[in-house]
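Quick note: numbers below take in every heavy atom, side chains included, and nothing from hydrogens, waters or symmetry partners. Remember, it's 1-based here, ligands and their atoms both numbered in the order they're listed.
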Amino acid sequence: MCGIFGYIGNQNAAEILLDGLQRLEYRGYDSSGIGVVTHDNQAITLKAPGKIQNLSSVVTSSSPQATVGIGHTRWATHGKPNEKNSHPHTDCLNKVLIVHNGIVENYADLKETLLKQGHKFSSDTDSEVIAHLIESSIADGCSFESAFVNAVKQLKGAQAVTALQSTTPSYIMTTRIGNAGGICIGHGNKEMFIASDITALVPLSDTITFLEPGHTAKVSQSNIVVHNAEGRLIRTKPQKVVHHVTNAGKGQFRHFMEKEIAEQPETILAAIGGRVDFRSNKIDLPEISLTKKQLATVNRIILVGMGTSLHAGMAGVHMIETLSGIPAVAENSSEFRYRNPVVSKDTLVISIGQSGETVDTLAAMEQAKLKQAKILTICNTDNSQATRLADGWIPMRAGLEIGVAATKTFLNTLVSLYLFASYLGNQTNYLADSFLNNSIESLVKLPDQIGQIVQEKKVYLDIATKTHEQTNLMYIGRGIQYPVALEGALKMKEISYTHAEGMSAGELKHGPIALIDNSLPVIALAPKDHFYDKMLNTMSEIKTRGGTIIAVATDGDTQISKIADYTIFVPACPYLLSPVVTSVPLQLLAYHSALARGCDIDQPRNLAKSVTVE
Ligand code: F6R
């Protein structure tokens, strides 16, 4: 959440900052701003509410000439998303400029003290205190560098700060406190680029210095000097990274989400490719870095994640327990991190995250690490904080996902979990070879099966035309379809702003059935599995009470349409892989409903693609 970008070099800073912010817009898009220092030491800040294109018009008309500056795209925590609350924030003298990601948890106390000292605040944000703290130390005789360090020491909470002073434009200060967001510094030719995450540096540099939590860097055109929180000089070595350049255009699609749903056959193929040997029917996951011996000691698996990633983890529990016989649970990272969970060196914690930057999931990993658990991450982002924190990883291989609503990363996580569960079962001799043969055959069919689903549009348009004005929807499923119900409801909520609730179909009678009448459509996940008859019974009970049913069923099912008002058919698929096929219709249903409701599908209100604050 919130994107930070900084530049120092010989090029036009304003243009580079704008360009960089555009690549960080997924982190927050309610307002943005840049601050540059001109050659005659003037600080100029330009801000605009709304998306970066608004800032772009402001910057173009003012075209400030400078070769150093900092920029920010905001996801508001304290203070409305308007111009005055946009970053950069400045001190009273307009000499210190700061951009900030995270929350200054003790800002109220700091602000009170600063107000008493006579500082004047111009925004409602927590972040502005940082500029005044720096100003205060400078007034006491400190250099900008020391003043920055002094200010940072006073901040409580996980955050990242980047700052510039108009009278010392030869360097930018930047720091990372905890895990509220990374700071990566790209090395150029007598220029440096600072960014919240590596994706913003893709076209600019492949030589990156990553700041660790607690580290502060003084960044000048040709040099980076890093100190840790105790003030000790840290030798850092920039890393050469391989950027995976992905086509970032929408092509023939109206939205990135539509494109990303359509890409799923390809991305699943990418997840399987090279990991499955069709001749020997073996699965290999080289990046997990856990030996057969280490895997044999695992007696418990905990999957942690948030939102869509948690839903994938919940489906993963079924896969892992069935295919490896090892007890597994999925848990919301924000609960796990504060729960003092029972974890030992024989526990394997699998963190799931498309971004690898979700603050709660990183904290959950750290908590598990302290207890000596083995840590694996399933992540879509190379060189993310999660991949660097984990002992091993399974790359999702979903490619760049720009739509804020996760689609292809969800499917690729499911496939990655299935591959991992099969691999684990095989390495620990729990699975018979014959199972692996069948399972590989089913995996290989998936891209084609998903291809069939995404080609179908009419059924979703028809259903959305009839249901998009509803204010409430219910999603139900059993077993491995329960997390799919949760995920379907989440997709509907986030992009169409329709209240939708996902639940286990078995839970219905314990209260929620009271909601059923003819104004509440129920989406029932009823593929042909061992819960099928139970699902039919539940659907009948809903029907008897006047509910409208939209069923997701297996091709060739002739019985279901006698109960359901609408049926969406999906290809037959083994139980453990069935979420991969049943979740795609729910993505399409949400997409077409949001389209009919005229919503901003790729950048839904109040959301951001990566959640770096609690
Ligand atoms: C919903 C969605 C979110 C994320 C959640 C965790 O479409 O994308 O629920 O799954 O914010 O993010 P990651 O996966 O980056 O840890």
Would Thr409 and Glu401 count as a side chain to side chain donor-acceptor pair (under 3.5 Å) here? Give the steps.
CA-CA 7 Å; Thr409 48; Glu401 189 175 67; 2.8 Å; yes

Does Asp360 form a salt bridge (charged side-chain N to carboxylate O under 4.0 Å, His left out) with Arg337? I'd like the steps, not just the answer.
CA-CA 7 Å; Asp360 285 315; Arg337 66 179 285 194; 2.7 Å; yes

Salt bridge (charged side-chain N to carboxylate O under 4.0 Å, His left out) evaluation trace for Glu357 with Arg27
CA-CA 11 Å; Glu357 303 290 338; Arg27 296 177 70 102; 5.2 Å; no

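Applying the ring pair (Phe, Tyr, Trp, His ring centres under 6.0 Å) test to every pair with at least one member in residues 581-614, sequence neighbours left out, gives these pairs: His255-Tyr591.
Considering only residues two or more places apart in sequence or on other chains, Phe5 meets the ring pair (Phe, Tyr, Trp, His ring centres under 6.0 Å) condition with none of them. Residues passing the ring pair (Phe, Tyr, Trp, His ring centres under 6.0 Å) test with His72 are His87, sequence neighbours excluded.
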Need the list: ligand 1 N/O atoms against protein N/O atoms, distance under 3.5 Å, rounded to one decimal.
unit_1: ligand 1; atom_1: 7 (O); unit_2: Thr308; atom_2: OG1; d: 3.3
unit_1: ligand 1; atom_1: 7 (O); unit_2: Ala406; atom_2: N; d: 2.8
unit_1: ligand 1; atom_1: 7 (O); unit_2: Lys491; atom_2: NZ; d: 3.0
unit_1: ligand 1; atom_1: 7 (O); unit_2: Glu494; atom_2: OE1; d: 3.2
unit_1: ligand 1; atom_1: 7 (O); unit_2: Glu494; atom_2: OE2; d: 2.5
unit_1: ligand 1; atom_1: 8 (O); unit_2: Gln354; atom_2: NE2; d: 2.8
unit_1: ligand 1; atom_1: 9 (O); unit_2: Thr308; atom_2: N; d: 3.1
unit_1: ligand 1; atom_1: 10 (O); unit_2: Met306; atom_2: O; d: 3.4
unit_1: ligand 1; atom_1: 10 (O); unit_2: Thr308; atom_2: N; d: 3.2
unit_1: ligand 1; atom_1: 10 (O); unit_2: Gln354; atom_2: NE2; d: 3.3
unit_1: ligand 1; atom_1: 12 (O); unit_2: Thr358; atom_2: OG1; d: 3.3
unit_1: ligand 1; atom_1: 14 (O); unit_2: Ser309; atom_2: OG; d: 2.6
unit_1: ligand 1; atom_1: 14 (O); unit_2: Gln354; atom_2: N; d: 2.8
unit_1: ligand 1; atom_1: 15 (O); unit_2: Gln354; atom_2: N; d: 3.4
unit_1: ligand 1; atom_1: 15 (O); unit_2: Ser355; atom_2: N; d: 2.9
unit_1: ligand 1; atom_1: 15 (O); unit_2: Ser355; atom_2: OG; d: 2.6
unit_1: ligand 1; atom_1: 15 (O); unit_2: Thr358; atom_2: OG1; d: 3.4
unit_1: ligand 1; atom_1: 16 (O); unit_2: Thr358; atom_2: OG1; d: 2.5

